[in-house]
Amino acid sequence: MTATTLSRPATAVPRPAPIARWLLTVAALVFCMVVVGGITRLTESGLSITQWKPISGAIPPLTHDQWMEAFRAYQQIPEYRQLRQGMTLGDFQFIFFWEWVHRLLGRLIGVAFALPLLWFAWKRAIPQGYGFRLVALLALGGLQGAIGWWMVESGLSVRTDVSHYRLAVHLLTALFIMGGLIWTALDLLTRAKTPFARPAMLHPFAVVALLALLVQLMFGAFTAGLDAGYVSSTWPLMNDHLVPEGIEWLGSLWATLSSDPYLVHFIHRWWAWVAAILLVMLARMAKQAGQRGPSIAINAAVGTQVALGIATVISGIALPLAVLHQAVGALVVASATWGAHALGERRG
């Protein structure tokens, strides 16, 4: 490779297709992180690392003394003192592993986004109008790291787990980033085929469907954070009742809706049908717009997710099913983004 090929071009040469492929790769990494985050939550591993070290934390403990130091730090928090007295070092290493992998993926995503972004910017390959959007996605990724630590911090001093509100913010931000990456990639792929195509706009019905999905995802996060999935292992009734017994007034409507495990589980269970119907309608509209791909993806993801949700409840929250439920939930977001983009495409 000669020095000429490495030099910065004198004129801008937009390369929308390679940038789109890079963004889809990063979106796939975010999907993996969401899945690992689900495993971390389900194995109750999220509080095993009690410090936030963005750089040095990438290296796990390597010696017995280092492992014991990390274990002693974990033994100081309420989760260990109240729930896990007697845990062995091997047990601690298991939960540490999942939290470490989760954080390592976050670092990897940051590098996988920042370095190519700098390269494309240096080569003047970013199409006009997309630079700010890419920088905003990078900044949002950095904010997500801070949100992750903000979530973990909520369980280190008083609580024995993290705040389910902060958990919801963390999950929804990750899914929003994934959706933003996919949407931007689709814009760029359209531009690669039609140079004068304009960025897609959100169709009013797509907004309604995505908001319904947002509510469902939020209550899914609440369900996970409150362990509300365990309050009933029967379907369609909850412990032989349509509206479960055990709902308690927690001082305000919002507190009750968002923090009572029985009510949270009930809402997550039945709002799913509202979101599913709207998403199936979105799929139909995408097909009518000439886009069969997103229509098939939405229908497949939504149908699979409904089946997995029921199976997860009936199984008593079996770990493999619960992880698949979160993974397919992320695929529902990806397919819904694709469908919404199909409705909003504007070709110049």
Side-chain angles (χ1 to χ4, degrees), residues 33-52 57 70-88 91-103 105-106 144-175 217-233 244 246-248 250-252 254-269 312-313 315-319 321-323 325-326 329:
M33 190 170 183
V34 169
V35 174
V36 172
I39 298 173
T40 302
R41 174 60 194 164
L42 289 161
T43 56
E44 299 184 348
S45 305
L47 296 177
S48 56
I49 302 178
T50 59
Q51 294 178 311
W52 189 29
F71 192 20
R72 282 191 291 270
Y74 177 67
Q75 290 172 332
Q76 303 306 309
I77 69 173
E79 181 180 76
Y80 176 85
R81 295 199 304 266
Q82 298 180 33
L83 302 177
R84 290 184 165 175
Q85 289 281 352
M87 169 184 272
T88 66
D91 294 334
F92 171 71
Q93 289 172 324
F94 173 78
I95 64 172
F96 186 100
F97 168 79
W98 285 113
E99 175 65 9
W100 177 75
V101 169
H102 186 55
R103 297 191 188 193
L105 270 173
Q144 173 70 338
I147 290 172
W149 174 247
W150 175 64
M151 177 190 69
V152 169
E153 192 178 34
S154 68
L156 296 180
S157 57
V158 178
R159 304 169 58 99
T160 59
D161 56 4
V162 300
S163 163
H164 64 289
Y165 294 118
R166 299 188 186 189
L167 174 66
V169 173
H170 189 49
L171 175 62
L172 294 177
T173 303
L175 294 174
L217 293 168
M218 180 178 69
F219 275 93
F222 290 166
T223 300
L226 295 168
D227 291 328
Y230 293 99
V231 302
S232 173
S233 59
I247 298 174
E248 297 180 358
L250 300 179
S252 70
W254 170 245
T256 305
L257 285 172
S258 63
S259 298
D260 180 89
Y262 288 92
L263 186 54
V264 165
H265 185 148
F266 175 79
I267 294 172
H268 184 57
R269 178 180 291 210
T312 302
V313 166
S315 72
I317 319 300
L319 179 62
L321 289 173
V323 172
H325 187 52
Q326 178 149 329

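Here the structure is a predicted model, which is why all the values come from computation and not from measurement.
Residues Arg269 and Thr223 are not in side-chain contact: their nearest non-hydrogen atoms beyond the backbone lie 4.5 Å or more apart. By the 4.5 Å heavy-atom criterion applied to side chains, Leu47 and Arg84 are not counted as neighbours.
The two residues Ala228 and Pro261 make their nearest non-hydrogen contact at CB-O, 3.3 Å. Shown here for Ser157 and Pro78, the closest heavy-atom pair between the two residues is O-CG, 3.3 Å. When all heavy atoms of Glu44 and Asp227 are compared, the closest pair comes out as OE2-OD2, 4.3 Å. Across all non-hydrogen atoms, the minimal contact from Ala168 to Phe222 is CB-CE2, 3.6 Å. Here the shortest heavy-atom pairing between Gly46 and Val152 reads O-CG2, 3.8 Å. The heavy-atom pair separating Ile317 from Ala322 by the smallest distance is CG2-CB, 4.0 Å.
Formation of a donor-acceptor pair under 3.5 Å by the His164 side chain with backbone atoms of Leu226 is not found in this model. Ser45 contributes no side-chain N or O that, together with a main-chain N or O of Trp98, makes up a donor-acceptor pair within less than 3.5 Å. Ser48 contributes a side-chain N or O that, together with a main-chain N or O of Ile95, makes up a donor-acceptor pair within less than 3.5 Å. At least one donor-acceptor pair closer than 3.5 Å links the side chain of Arg41 to the backbone N or O of Ala224. Not one N or O on the side chain of Glu79 forms a donor-acceptor pair closer than 3.5 Å with the backbone of Leu156. The closest donor-acceptor contact from the side chain of Thr256 to the backbone of Leu250 lies under 3.5 Å.
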Could you go step by step and tell me if Gln326 and Leu171 meet the side-chain contact (heavy atoms from CB on, under 4.5 Å) rule?
CA-CA 10 Å; Gln326 178 149 329; Leu171 175 62; 4.1 Å; yes
Worked check of side-chain hydrogen bond (donor to acceptor under 3.5 Å, both in side chains) between Ser232 and Tyr262
CA-CA 8 Å; Ser232 173; Tyr262 288 92; over 6 Å; no
Stepwise side-chain contact (heavy atoms from CB on, under 4.5 Å) check, Val169 with Trp150:
CA-CA 10 Å; Val169 173; Trp150 175 64; 4.2 Å; yes
Are Gln93 and Phe71 close enough, and set up right, to give a side-chain contact (heavy atoms from CB on, under 4.5 Å), and what steps lead you there?
CA-CA 8 Å; Gln93 289 172 324; Phe71 192 20; over 6 Å; no
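Expressed to the nearest 0.5 Å, how far NE2 of His268 lies from CG of Leu217 amounts to 8.5 Å. Distance CD1/Ile39 to CZ/Phe97: 9.0 Å, rounded to 0.5 Å. A distance of 6.5 Å separates CE in Met33 from CD in Gln144, rounded to the nearest 0.5 Å. Here the OH-OG distance, from Tyr165 to Ser259, works out to 3.0 Å after rounding to the nearest 0.5 Å. Here CD1 of Ile49 is found 9.5 Å from CH2 of Trp149. Values are rounded to the nearest 0.5 Å. The line from CG of Leu42 to CG of Leu319 is 5.5 Å long, rounded to the nearest 0.5 Å.
Using the six-membered ring where Trp is involved, Tyr80 and Tyr74 have ring planes that are perpendicular, over 60° apart on the 30 and 60° scheme.
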